[in-house]
2 protein chains.
Amino acid sequence: MPGRAAYHHGDLAAEAVDEALRMIAADPSASFSLRALAERLGVAHRALYNHFATREALLASIAARGFESLAETLRAAPDAPAFLAAYVRFALANPGLYDVMTQRDHAQINAHLGLRAGVDRVIAVALGVLASPGADDDTRRREVMRVWMVAHGGIGLQRAGMLRLRSDDQFVEEILHIAGLATKGEKA
Amino acid sequence: MPGRAAYHHGDLAAEAVDEALRMIAADPSASFSLRALAERLGVAHRALYNHFATREALLASIAARGFESLAETLRAAPDAPAFLAAYVRFALANPGLYDVMTQRDHAQINAHLGLRAGVDRVIAVALGVLASPGADDDTRRREVMRVWMVAHGGIGLQRAGMLRLRSDDQFVEEILHIAGLATKGEKA
DNA sequence: CCTCAATGTATCCAGTGGATACATAGCCAC
DNA sequence: GTGGCTATGTATCCACTGGATACATTGAGG
């Protein structure tokens, strides 16, 4: 449980998440290991279990931080094309983190308070930028989901090498086109 | 490599892929293990390495079979809504396999011949069903990519529990709506 | 028959997530 | 103070993983 001050180490829970984020950013392809994290923190690997019940719980906390960070990034987007571009660039710039964020198990998202909150913040920002102000809730939700699905799916396909696009810049331009949010003439 | 007839076991390579598909279908959440597979085949776990250089190579072969199977399923779809519905249902019905298919590494897809071929077959079918016959290649490709991105992204979000849709049927109906493909009597 | 390469086996290794048992350190009640 | 309580961290073990090396078996072709 965070919030507790320093006993031996000084808030190990927070430091663990910080260091894990650094490790994941440094080498997204390497699978994240509790032992490697513990070694970097100069701590017995078992110490982490005093703060996170399982490895998955730690990953959920990392994901939560990722969604907070993503929401903050997206909040700067003035319109739909900027939103989509920012989302895609975040995912491509932080592939390991994006995986941790989006590959959590169904149940975990609702179980982990911070994670649920992070996801909801992203959705809230999206509703503000992407949805038509006057429309009913169902329509607004669908407008958001459409962009989200295109973005999430496009990222997955791009990273899997299914698309034949060379650079990430090219991909961003292309996905704006595909989503119907062309950079010049754009619709809702 | 395959093609070789029975020495001790009878084509172990083919049997390994078959049995692996069964295991993945039986328990998608369980992480696939070479030892468990070998035990089911009644063979030393190291024997598999005589046919597949690494675990990833085996997974690539599994993915190739998955794409073949998917292409065959999709070929029956008469129009775009049916195509999208069939794709989504395939993924939701075979979650473990779909993960193996879509989470291969970029380089692997082009390295593994069968895998590349399987992906291309799916794309070919998609072009036939989803693209406007008269349009130029860029437009046709984008039409396919748009549906593919919505499908792939939607599946990922649904499975991650990001959407709030209860049943898979509900999800199929919703994604047809979101993709702008009418929801009249379609069912797979 | 006899060689030889393909195939399968035995055994080892380092690394993993996780569990149990124990040591330590700070806080509070007395 | 002091003694206990609980949160924290450590030591050690376990079953399991992917992978490597060394060896046994098998069957086909000379």
Side-chain angles (χ1 to χ4, degrees), chain A residues 1-20 23-24 26-63 96 99-100 103-105 107-108 111-112, chain B residues 1-20 23-24 26-63 96 99-100 103-105 107-108 111-112:
Chain A
M1 307 286 193
R4 206 80 183 74
Y7 265 90
H8 303 113
H9 189 92
D11 201 346
L12 180 60
E15 278 190 47
V17 175
D18 284 346
E19 187 62 33
M23 289 173 66
I24 290 170
D27 188 356
S29 66
S31 66
F32 171 74
S33 128
L34 288 180
R35 297 188 95 125
L37 172 60
E39 190 182 11
R40 270 175 168 255
L41 292 167
V43 115
H45 90 279
R46 199 49 186 72
L48 296 170
Y49 285 98
N50 289 321
H51 301 274
F52 306 95
T54 71
R55 168 197 152 95
E56 285 303 304
L58 207 183
L59 288 172
S61 289
I62 295 168
D99 282 346
V100 172
Q103 284 171 17
R104 294 306 82 218
D105 194 73
Q108 274 184 327
H112 187 111
Chain B
M1 286 311 271
R4 205 81 183 72
Y7 264 87
H8 303 110
H9 189 94
D11 203 345
L12 180 59
E15 279 190 46
V17 174
D18 284 346
E19 187 63 32
M23 288 173 67
I24 291 170
D27 188 356
S29 66
S31 66
F32 172 74
S33 128
L34 288 182
R35 304 210 76 125
L37 173 59
E39 190 182 11
R40 270 174 168 257
L41 292 168
V43 117
H45 88 278
R46 198 50 185 75
L48 296 170
Y49 286 97
N50 290 322
H51 301 273
F52 306 95
T54 70
R55 169 195 151 96
E56 285 302 305
L58 207 183
L59 287 173
S61 290
I62 294 167
D99 282 346
V100 172
Q103 284 171 15
R104 295 304 84 216
D105 194 73
Q108 272 185 328
H112 188 109

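Note: hydrogens, waters and symmetry copies are ignored here, and every other heavy atom, side chains too, is used. We name chains A, B, ... by the order of the sequence lines, and we start the count at 1 in each one.
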Could you list, one pair per line, each protein nitrogen or oxygen that sits under 3.5 Å from a nitrogen or oxygen of nucleotides 10-13 of chain D, together with the distance?
residue	atom	partner	partner atom	Å
D:dT10	OP2	A:A44	N	2.7

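Taking every heavy atom of both residues into account, A:A57 and A:A53 meet most closely at CB-N, 4.0 Å. Contact record, A:I24 with A:G96: CG2-C, 3.4 Å, taken as the closest heavy-atom pair. In this structure, A:Y49 and A:T54 approach most closely via the heavy-atom pair CE2-CA, 4.0 Å.
At the heavy-atom level, A:T54 lies under 4.0 Å from the strands shown only through sugar-phosphate atoms. Nucleic acid contact class of B:F32 (heavy atoms, under 4.0 Å, all strands): sugar-phosphate only.
Here OG of A:S29 is found 11.0 Å from CG of A:D99. Values are rounded to the nearest 0.5 Å. Note that CG of B:D11 and CG of B:D18 are 9.5 Å apart. Values are rounded to the nearest 0.5 Å. Rounding to the nearest 0.5 Å gives a distance of 12.0 Å between NE2 of B:H112 and CD of B:E56. Taking CG from B:L58 and CZ from B:F32, the interatomic distance works out to 5.0 Å, rounded to the nearest 0.5 Å.
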List, one per line, each side-chain donor-acceptor pair under 3.5 Å for residues 35-42 of chain B, sequence neighbours excluded.
residue	atom	partner	partner atom	Å
B:R35	NH1	B:H45	NE2	3.4
B:R40	NH1	B:E19	OE2	2.5

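Nucleotide D:dG9 holds its C1' atom 14 Å from the CD atom of A:E15, rounded to whole Å. Whole-Å rounding puts the B:F52 CZ to D:dA20 C1' distance at 19 Å. Between B:L41 atom CG and C:dG8 atom C1' there is a gap of 13 Å when expressed in whole angstrom units. Rounded to a whole Å, the CD atom of A:E39 is 15 Å from the P atom of C:dA14. Atom-to-atom, CG of B:L37 to P of D:dT17 comes out at 11 Å; the value is rounded to the nearest Å. The distance from atom OH of B:Y49 to atom C1' of C:dC13 is 13 Å, rounded to the nearest whole Å. B:L59 has its CG atom 14 Å from the P atom of D:dT17, to the nearest Å. Between the C1' atom of D:dG19 and the CG atom of B:L58 lies a distance of 14 Å, rounded to the nearest Å.
Across the helix from C:dC1-D:dG30 to C:dC30-D:dG1, the helix axis at one end is tilted relative to the axis at the other end by 10° (nearest 10 degrees, each axis from five pairs).
For the pair A:I62/A:F52, no side-chain contact is recorded, criterion being any heavy-atom separation below 4.5 Å from C-beta on.
Annotation: of the two residues near DNA chain C, A:A53 and A:S33, the 5′-most nearest-nucleotide partner is A:S33.
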